[in-house]
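Just below is one structure, and these are the notes that go with it.
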Amino acid sequence: MANLDSQRRFPPKQMPELIPASGDTALIIIDMQYLDAHPDFGLAKKARDAGRFEILNHLFARLPLVIRNIQRLQKVCRETGLRSSL
């Protein structure tokens, strides 16, 4: 249900083709740290200790897909010479 709600609020748009160029393009990855991206540390640990981990279920259910996509982007950036920053 939540997915349908977000699709209604943010309908897909036709995105222009984006061609990154080495020298003026960088991949910047934000907030992928133990504090907020690991189920045994940081915010997740605090929620679990408080008996409220269920409020983060949606986040940690999607996290493996997010991590795989970030890794794919990093690989392409490295292969093409684009900078990657964490």
- Message: Can you tell me how far apart CD1 (Ile70) and CD1 (Ile30) are? Round to the nearest 0.5 Å.
- Response: 10.5 Å

- Item | Straight-line distance of Met32 CE to His38 NE2, nearest 0.5 Å | 10.5 Å

- Query: What heavy-atom pair brings Pro64 and Ala61 nearest, and what distance separates the two atoms?
  - Reply: CD-O, 3.7 Å

- Query: Do the side chains of Leu65 and Arg68 get nearer than 4.5 Å, heavy atoms only?
  - Reply: yes

- Message: I need the Gln71 CD to Ile29 CD1 distance, nearest 0.5 Å.
- Response: 9.5 Å

- Query: Does the side chain of Asp40 reach to within under 4.5 Å of the side chain of Arg48, using non-hydrogen atoms?
  - Reply: yes

- Looking only at heavy atoms, which two atoms of Leu56 and Ala47 are closest? And how far apart? CD1-CB, 3.8 Å

- Message: Nearest 0.5 Å, please: how far is CG in Leu63 from CG in Leu59?
- Response: 5.5 Å

- Euclidean distance, Arg72 CZ relative to Ile67 CD1, rounded to 0.5 Å: 14.0 Å

- Can you tell me how far the NE2 atom of His58 sits from the CZ atom of Arg62, to the nearest 0.5 Å? 9.5 Å

- Item | Ala44 versus Pro39, closest heavy-atom pair with distance | CB-O, 3.5 Å

